[in-house]
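Scroll down for the structure; my scribbles are underneath it.
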Amino acid sequence: EAVGGSFEVLARSLDLYLARALRRRRCRSGASECAVTRLGANSIVRRTLPGGQVAFWLLMFLSSLSCCRVVIVLLCGKAHAGNNGMALTPPLTWRSWNQFGWYINEDVILRAAAGLIDTQRPIKNMPVGSSLKDLGYDEVGMDEGWTACPASPDMHGRDPNYDPRANMPRQNVSKPFDIGNNRTSMFHRLNADGTTSPVVDELAFPDMKGLVDRIHAKGLRAGWYLNDCLSFCLSLDDGCPAEQCIPGDVKAWHEYGFDSLKIDGCSAQRDTRMWAELINKTGTRVRLENCNNGPKPSKPIAEGGCPYYHQFRTGHDIVNSYDSWIGNAQEVAEYATTGRHGPGCWAYPDMQMVGVQGQTPDESTTGRYGPWDGGFVQPTITEQRTHFGLWCVLSAPITLSIDFSNESAVDSVWHIITNIHALAVNQAWVGHPGTVFMQSNRSIALRATCVQNTTCDNHGKGAKQRLTVPSWQAWYKPLPGNAAAVFVANHDAHSPAKVTIKFSDIPGLSAGELCTVTNVWKQELLVGAHTSHTEPALAPRDSVFITVHPRREVQ
């Protein structure tokens with residue numbers, strides 16, 4: 001505890017030194033606008049330097065200091081998969097499912113890796129030549145679609161007339177694999193020595209270890225996916241018992257060289273403890289995602305509530321619609337307010353849909369009719385920005401799924417996914433992950449946005465109601481230096497909202513205290529000192545994202 005406190009003092013001292021030194025620089029140079037914006041986990045300081053460069057690596061370094069106490073504890077005791085010093089901040093990654101569904105192959109994964117290290121697009125307040133990797137997006141993960149398995153009789157609607165990706169070559173498997181004891185499996189085979197192994201589709205992934213090596217050569221981590229859902233196979237569940245198939249799955253995962261693992265809940269290998277213990281024996285410091293594979297934390301992290309994984313799905317599968325995003329976000333609150341969401345154990349409302357085009361291919365409607373059929377309406381850029389900002393203020397892991405080969409899609413959301421102020425809020429940690437603190441007293445029903453008279457809107461009768469929420473909600477997240485981030489979303493699809501946030505209502509801030517305010521979306525410091533913030537007409541589905549810093553803390 002004493003050592004941990006020393007690190008906090010060090011981080012605080014560095015922060016004050018940087019704030020003062022850079023303020024002096026502004027007074028001397030006069031030519032460069034400099035704005036103090038305390039955004040990190042121990043008072044991160046953002047600076048606009050000549051040429052628009054920002055020492056973002058310094059922000060992340062300071063952010064990491066708040067977790068040093070955790071690392072020291074780990075070095076003094078036995079580390080398990082869920083407390084091995086990984087994921088001390090919410091992971092920033094890419095995974096294939098939301099954009100590609102089961103339509104993946106080696107090329108899809110390599111394009112994603114190239115996208116994370118691409119330096120062609122400018123990033124505001126970062127040096128020329130920066131990439132998503134420089135912002136902390138450090139991993140490429142594949143999801144469903146890598147297995148060789150017997151296909152369903154109708155291919156679950158994999159029709160190239162609706163989606164050309166259905167022409168993607170796949171290994172032909174005529175029947176389920178024999179795994180002994182009169183059992184069969186969709187994607188496991190019995191080896192000569194009596195063990196089992198997962199079966200990789202060698203047309204889609206001819207050299208899985210070589211693929212992982214190529215990802216590592218780009219300085220990125222590689223993530224795999226097991227206990228698969230099998231949307232394009234004869235059965236969703238492969239039926240292989242946990243005790244028989246998990247050991248072989250872990251062995252393959254390790255031999256291929258993967259760094260992280262998402263374990264789903266569809267097949268029969270549902271035992272997060274077994275997964276974690278076997279992975280520990282490989283010696284790899286894994287990042288492990290519990291995607292409804294086992295129980296969610298039932299007690300606080302500090303009481304050992306999360307020993308076997310680093311992030312856990314809080315609820316339903318996300319779809320590409322505003323109502324789904326907001327519904328999933330509501331499910332985080334019970335963990336955020338009970339100590340079950342924080343460093344090493346992040347509540348996860350599912351992957352991001354920012355930049356995703358169309359609907360995710362699944363085993364029901366979109367597989368048969370294509371991603372744009374049924375009356376689907378692409379979410380607006382405003383809605384997508386609200387989606388991203390909400391994940392940031394909730395301290396949720398951010399998992400992109402964008403197709404980097406779609407230049408227009410990437411361009412449309414580049415300013416969102418590269419917003420260093422938003423990302424710094426996401427990565428900060430001062431004891432609480434963020435939750436609702438204000439909301440409208442008027443409730444509205446959230447439904448999907450649809451083309452009229454289509455399947456989506458029930459042929460003119462209206463889309464199915466997903467949930468009822470306040471017309472607007474305000475979240476806060478504490479930041480170092482007695483500061484806070486505030487995020488307000490207007491859920492109403494039709495009417496603007498007038499919203500006033502009195503800073504004295506933000507937990508942890510004092511009544512009447514003058515504060516400096518930064519507009520996170522614009523990455524700009526507002527002029528003057530403030531005791532409140534008013535948005536006279538917050539547009540439908542739009543958001544306000546600010547950071548609020550007591551003025552005494554930045555003197």
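Both backbone and side-chain heavy atoms feed into the values below; hydrogens, waters and symmetry mates do not.
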Review point. If only atom types and distance count, is the side chain of Arg340 paired as donor or acceptor with the main-chain N or O of Glu334 below 3.5 Å?
Key: yes
**Study point:** Beyond-backbone contact of Leu394 with Leu390, side-chain heavy atoms, under 4.5 angstrom
**Key:** yes
**Study point:** Between Glu524 and Thr518, a side-chain donor and acceptor under 3.5 Å
**Key:** no
Check your understanding: Can you check whether Ala428's main-chain N or O pairs, donor with acceptor, with Lys477's side chain at less than 3.5 Å?
Key -> yes
Revision key, fill the gap. Scanning both residues in full, the closest heavy-atom pair of Val425 with Ala485 reads CG1-CB, 3.7 Å
Check your understanding: For Gly327, does its backbone N or O pair with a side-chain atom of Gln330 as donor and acceptor, under 3.5 Å?
Key -> no
Review point. Do Asn328 and Asp317 touch side chain to side chain, with heavy atoms closer than 4.5 Å?
Key: no
Check your understanding: So Arg287 and Asp138, salt bridge (Lys or Arg N to Asp or Glu O under 4.0 Å) or not? Walk me through it.
Key -> CA-CA 12 Å; Arg287 272 198 315 226; Asp138 67 352; 2.9 Å; yes
Point to revise | Nearest non-hydrogen partners of Pro470 and Ser440, listed with the distance | key: CB-O, 3.5 Å
Review point. Is Asp264 paired with Arg313 through a side-chain N to carboxylate O contact shorter than 4.0 Å?
Key: no
Check your understanding: What closest approach, in Å, do Asp350 and Ile318 show between heavy atoms, and which atom pair accounts for it?
Key -> OD2-N, 2.8 Å
Exercise for review: Identify the heavy atoms of Pro540 and Thr382 that sit nearest to each other, and give their distance.
Suggested key: O-CG2, 4.3 Å
Point to revise | Spacing of Leu509 atom CG and Thr531 atom OG1 [to the nearest 0.5 Å] | key: 11.0 Å
Exercise for review: Give a yes or no on whether the backbone of Ser495 and the side-chain of Asn490 come within a donor-acceptor separation of less than 3.5 Å.
Suggested key: yes
Check your understanding: Given His533 and Val486, is the side chain to side chain contact (heavy atoms under 4.5 Å, CB included) satisfied, shown in steps?
Key -> CA-CA 10 Å; His533 183 82; Val486 175; over 6 Å; no
Check your understanding: Does atom CD of Glu407 have more than 12 heavy-atom neighbours, drawn from other residues, nucleotides or ligands, at distances under 6.0 Å?
Key -> yes
Point to revise | Beyond-backbone contact of Phe437 with Ile506, side-chain heavy atoms, under 4.5 angstrom | key: yes
Review point. Going through the distances and angles, do Phe388 and Leu423 end up as a side chain to side chain contact (heavy atoms under 4.5 Å, CB included)?
Key: CA-CA 10 Å; Phe388 187 84; Leu423 290 171; 3.9 Å; yes
Practice item. Start with the C-alpha gap between Val499 and Gln473, add the side-chain angles, then the distance that decides, and say whether side chain to side chain contact (heavy atoms under 4.5 Å, CB included) holds. Key: CA-CA 10 Å; Val499 179; Gln473 291 178 288; over 6 Å; no
Review point. Does the ring centre of Tyr476 sit less than 6.0 Å away from the ring centre of Phe487?
Key: no
**Study point:** Nearest-0.5 Å distance that lies between atom CD1 in Ile123 and atom OG in Ser130
**Key:** 5.5 Å
Exercise for review: Applying salt bridge (Lys or Arg N to Asp or Glu O under 4.0 Å), run through Arg447 and Asp457 and close with a yes or a no.
Suggested key: CA-CA 9 Å; Arg447 296 179 170 86; Asp457 85 332; over 6 Å; no
Practice item. Before accepting this row, confirm whether a basic side-chain N of the pair Asp411/Arg121 lies closer than 4.0 Å to the acidic partner's carboxylate O. Key: yes
Review point. Does any N or O in the side chain of His387 come within less than 3.5 Å of the main-chain N or O of Met353, such that one atom is a donor and the other an acceptor?
Key: yes
Point to revise | 4.5 Å side-chain heavy-atom contact, His530 and Phe503 | key: yes
**Study point:** Any Lys464 side-chain heavy atom under 4.5 Å of Asn458 side chain
**Key:** no
Review point. Is there a side-chain contact between Thr360 and Phe100, using heavy atoms and a 4.5 Å cut-off?
Key: no
Point to revise | CA sep, side-chain torsions, deciding dist, call: Val548, Thr516, side chain to side chain contact (heavy atoms under 4.5 Å, CB included) | key: CA-CA 6 Å; Val548 179; Thr516 59; over 6 Å; no
Check your understanding: Heavy atoms, side chains only, cut-off 4.5 Å: are Ile402 and Gln99 in contact?
Key -> no
Practice item. Give a yes or no on whether a salt bridge exists between Asp492 and Arg541, defined as a side-chain N under 4.0 angstrom from a carboxylate O. Key: no
Exercise for review: Check each of Gln523, Lys522, Lys124 against His421 using the side-chain hydrogen bond (donor to acceptor under 3.5 Å, both in side chains) test, and report the only one that passes.
Suggested key: Gln523
Check your understanding: Is a side-chain donor or acceptor of His341 paired with a backbone partner of Ala347 at a separation under 3.5 angstrom?
Key -> yes
**Study point:** Minimum heavy-atom distance Pro91-Ala87, with the two atoms named
**Key:** CG-CB, 4.1 Å
Practice item. Determine whether the side chains of Thr468 and Ser443 contain a donor N or O and an acceptor N or O closer than 3.5 Å. Key: no
Exercise for review: Report yes or no: does Arg551 contribute a side-chain atom to a donor-acceptor pair with the main-chain N or O of Leu514 at less than 3.5 Å?
Suggested key: no
Check your understanding: Is the backbone N or O of Cys291 less than 3.5 Å from a side-chain atom of Gln311, with the two atoms forming a donor-acceptor pair by type?
Key -> no
Point to revise | Distance-only donor-acceptor check, side chains Thr547 and His549, under 3.5 Å | key: yes
Study note, to complete from the structure: Exactly one of Asn406, Asn320, Asp403 clears side chain to side chain contact (heavy atoms under 4.5 Å, CB included) with Gln357, and that residue is Asn406
Review point. Cut-off 3.5 Å, side chains only: do Glu289 and His310 have a donor facing an acceptor?
Key: no
Check your understanding: Ring centroid separation for Trp346 and Trp429, is it under 6.0 angstrom?
Key -> yes
Check your understanding: Is a side-chain donor or acceptor of Thr337 paired with a backbone partner of Ala333 at a separation under 3.5 angstrom?
Key -> yes
Review point. Atom CD1 of Ile546 and atom CH2 of Trp521: how far apart are they, to the nearest 0.5 Å?
Key: 13.0 Å
Check your understanding: Considering all heavy atoms of both residues, which atom of Val354 and which atom of Gln384 are nearest to each other, and what is their separation?
Key -> CG2-O, 3.3 Å
Practice item. Working to the nearest 0.5 Å, report the span between OG1 of Thr93 and CG of Leu132. Key: 11.5 Å
Review point. Taking the side chain as C-beta and beyond, is there a heavy-atom pair between Arg466 and Ser324 under 4.5 Å?
Key: yes
Exercise for review: Verify the distance criterion only: is there a donor paired with an acceptor across the side chains of Thr380 and Tyr322 at less than 3.5 Å?
Suggested key: no
Review point. Can you tell me if Thr399 and Gln352 form a side-chain donor-acceptor pair at under 3.5 Å?
Key: no
Study note, to complete from the structure: OG1 of Thr386 to CH2 of Trp391, rounded to nearest 0.5 Å, is 11.0 Å
Check your understanding: In Å and rounded to the nearest 0.5 Å, what is the CG to NE2 distance from Leu479 to His432?
Key -> 12.5 Å
Check your understanding: Between Ser395 (side chain) and Pro433 (backbone), is there a donor-acceptor pair under 3.5 Å?
Key -> yes
